[in-house]
Each structure stands twice: as C-alpha cells, then as structure tokens.
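One structure is given here, and the rest of the page talks about it.
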Amino acid sequence: MDERKQDHAGAPARGWDRRQFLKVSGAVYMVAAVGCEKERERPKELPPPPRPTEKVDLEKLAFPPSAGYLLVDVKKCQGCLSCMLACSLAHEGKENLSLARIQVVQDPFGSFPSDLTLEACRQCVDPACVEACPTGALHADREHGNVRVVREELCEGCMQCVEACPHGTSRSVWNHEEGKAVKCDLCAEAPYWKEKGGPDGKQACVEVCPLGAIRLTRQIPLQQGDAGYKVNLRSEAWAKMGYSLE
C-alpha cells in the first residue's frame, strides 16, 4: 500500500508530519475546522495570551518603548506565506516576498515543528538597529506609538541596521529595488493598507493569517531569547487535530 495514503479517515499518513498533511489536505479543512473557532476566540479586544513578560525600567531606556508588539505561534503557522504577500502588498503595492517585512523561514529537511519559523520585528525596547543608524533614518516614531521605523528619505543604504540586528534573521529588510532598508512599522505607514494601522489599528499580516498565528499585544514581551515573542496561540480545536497545547 502506498504510504502516502491515509491510515484512517482524518489521520496523517505515515511518513508525513502534521504540517505536511495540513498543507496537502488542509486549506478547506482548516478554514472550516479552525476558522470558525478563530472567530469565536478573537473578540474585538483580545486578551493577552499567557507568556513571559517583564517589567522594564523606562528611565534607563535610550528610546521610549513601542506601544505594540507582534507575537507569533510557529506551530500554528502552516507556511502559506499569506502574511508576507499581504505585507508587501500593503507597503509596496505589489505581492513580492522579497519585500515583505515579516519572514517565514522554511527548512525543507526539517521535521515538525522545527521545519519553519516565523520572524517578525520585535520592536526591541533597546533597539540595536536604531542605535546603529548613522543618519537618524531609523527612529522611534512618536506619532505612531514609538514604533521603530525607517524614514526612507534619510536612509543612505549603508545596511548598518541590518548588520546590527542581533537576531539570526535580521528584522531590518533590504529593499533591493530602492537600495534602502525597510522594517515592520505595524502598518503605521503602509500607503496601500486601507485600514488604520499602527499599535492602535490593524496589521495586514494579523488580519490575513487564516489560522490566527500572529497577534498584536501592548505588553512588553520578555526580551531575552524567543520565549516572549514565540508563544502558544492555539485553542482546544487544535488539540483535536493532534497538536500540543503546550
């Protein structure tokens, strides 16, 4: 018997991990099974999910903290790249993965859950990218809740912000078409995003994700490591499909 066939109704075949199974069979199934659950679990005012947080001494910060932060659930993400396409469309007016400010990084040789990761700008309370910028192009935008953004007219394309980012996948992204750095601004200044953006508004990646794997919070996440930003956003519906809720 072909091992790629299902062992029984609704169960992943042998040799397939959960993410592969859902990619092949799950578009309609996941929207039906989880989409309704997502609507029930996402009221207009979302309660913050359980996660590590920390108190920050504001007087010791060189820059005021951002009013918003993106949290992601890498186990919930299925690698559809909708967030990347929506990001580039909202900011650049076209769907181009290389211009997205949020990044889905996939490892074709990995197994679930380490076969992909979802990387969004952390809006760090101590932003190395802002400190490294020699022109002041990268700054905390007071008009939009101190979100760390790039003022593109001042960017000289030195890429020092990209090199200064302490994270493996730089959160400052190189716009090869303009020769300038860009980064997530929580859609505060997304010219093609018709909704109000920024910490007080909506973000294209959050709104477009069919599985609710991205969420905005106002609380400052734990800054050390990934624990504060990569969190569990799964509901009980996911446990029924074999996913751990831890």
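Computed from a predicted structure; not experimentally measured.
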#### Entry: side chain to side chain contact (heavy atoms under 4.5 Å, CB included) assessment of Leu211 paired with Cys77
CA-CA 7 Å; Leu211 301 179; Cys77 173; over 6 Å; no

Show the nearest heavy-atom pair for residues [X] and [Y], with the distance to one decimal.
X: His176; Y: Ser98; value: CE1-OG, 3.0 Å
X: His167; Y: Cys124; value: NE2-SG, 3.9 Å
X: Leu222; Y: Ala227; value: CD2-CB, 4.4 Å
X: Gly179; Y: Trp174; value: O-CH2, 3.1 Å
X: Val150; Y: Cys155; value: CG1-CB, 4.2 Å

With a 3.5 Å distance limit and no angle check, can you tell me whether [X] reaches the backbone of [Y] through a side-chain donor-acceptor pair?
X: Gln78; Y: Lys76; value: yes
X: Gln123; Y: Arg148; value: yes
X: Asp73; Y: Leu233; value: yes
X: Glu153; Y: Ala137; value: no
X: Trp193; Y: Lys202; value: yes
X: Glu195; Y: Gln203; value: no
X: Arg171; Y: Thr169; value: yes

#### Entry: Pairing of Glu119 and Lys230 as salt bridge, 4.0 angstrom limit
yes

With a 4.5 Å cut-off on side-chain heavy atoms, are [Y] and [X] touching?
X: Phe112; Y: Lys75; value: yes
X: Cys209; Y: Ser82; value: no
X: Val147; Y: Pro199; value: yes
X: Leu71; Y: Ile214; value: no
X: Asn146; Y: Phe63; value: no

Enter the distance from [X]:[atom1] to [Y]:[atom2] here, rounded to the nearest 0.5 Å.
X: Gln103; Y: Cys83; atom1: CD; atom2: SG; result: 10.0 Å
X: Leu138; Y: Lys183; atom1: CG; atom2: NZ; result: 6.0 Å
X: Leu186; Y: Leu70; atom1: CG; atom2: CG; result: 5.0 Å
X: Ile102; Y: Ser88; atom1: CD1; atom2: OG; result: 11.5 Å
X: Cys161; Y: Lys180; atom1: SG; atom2: NZ; result: 11.5 Å
X: Leu99; Y: Leu85; atom1: CG; atom2: CG; result: 11.0 Å

### Task
Run the numbers on Glu189 and Arg151 for salt bridge (Lys or Arg N to Asp or Glu O under 4.0 Å), then give the verdict.
CA-CA 10 Å; Glu189 296 182 352; Arg151 188 179 295 122; over 6 Å; no

#### Entry: Pair Ser172-Cys129, side chain to side chain contact (heavy atoms under 4.5 Å, CB included): steps then yes or no
CA-CA 8 Å; Ser172 295; Cys129 57; 4.1 Å; yes

Restricting to side-chain hydrogen bond (donor to acceptor under 3.5 Å, both in side chains), what partner residues turn up for [X], sequence neighbours left out?
X: Tyr229; answer: Gln223
X: Asp185; answer: His91
X: Glu92; answer: Arg101

Is it true that [X] and [Y] fall in one hydrophobic cluster, defined by side-chain heavy atoms closer than 4.5 Å?
X: Val182; Y: Val130; answer: no
X: Leu97; Y: Val72; answer: yes
X: Val104; Y: Val206; answer: yes

### Task
Would you check, one step at a time, whether the test side chain to side chain contact (heavy atoms under 4.5 Å, CB included) holds for Leu154 with His139?
CA-CA 11 Å; Leu154 296 180; His139 67 291; over 6 Å; no

### Verdict with reasoning, Ile220 to Tyr69, per side chain to side chain contact (heavy atoms under 4.5 Å, CB included)
CA-CA 7 Å; Ile220 299 176; Tyr69 305 84; 3.4 Å; yes

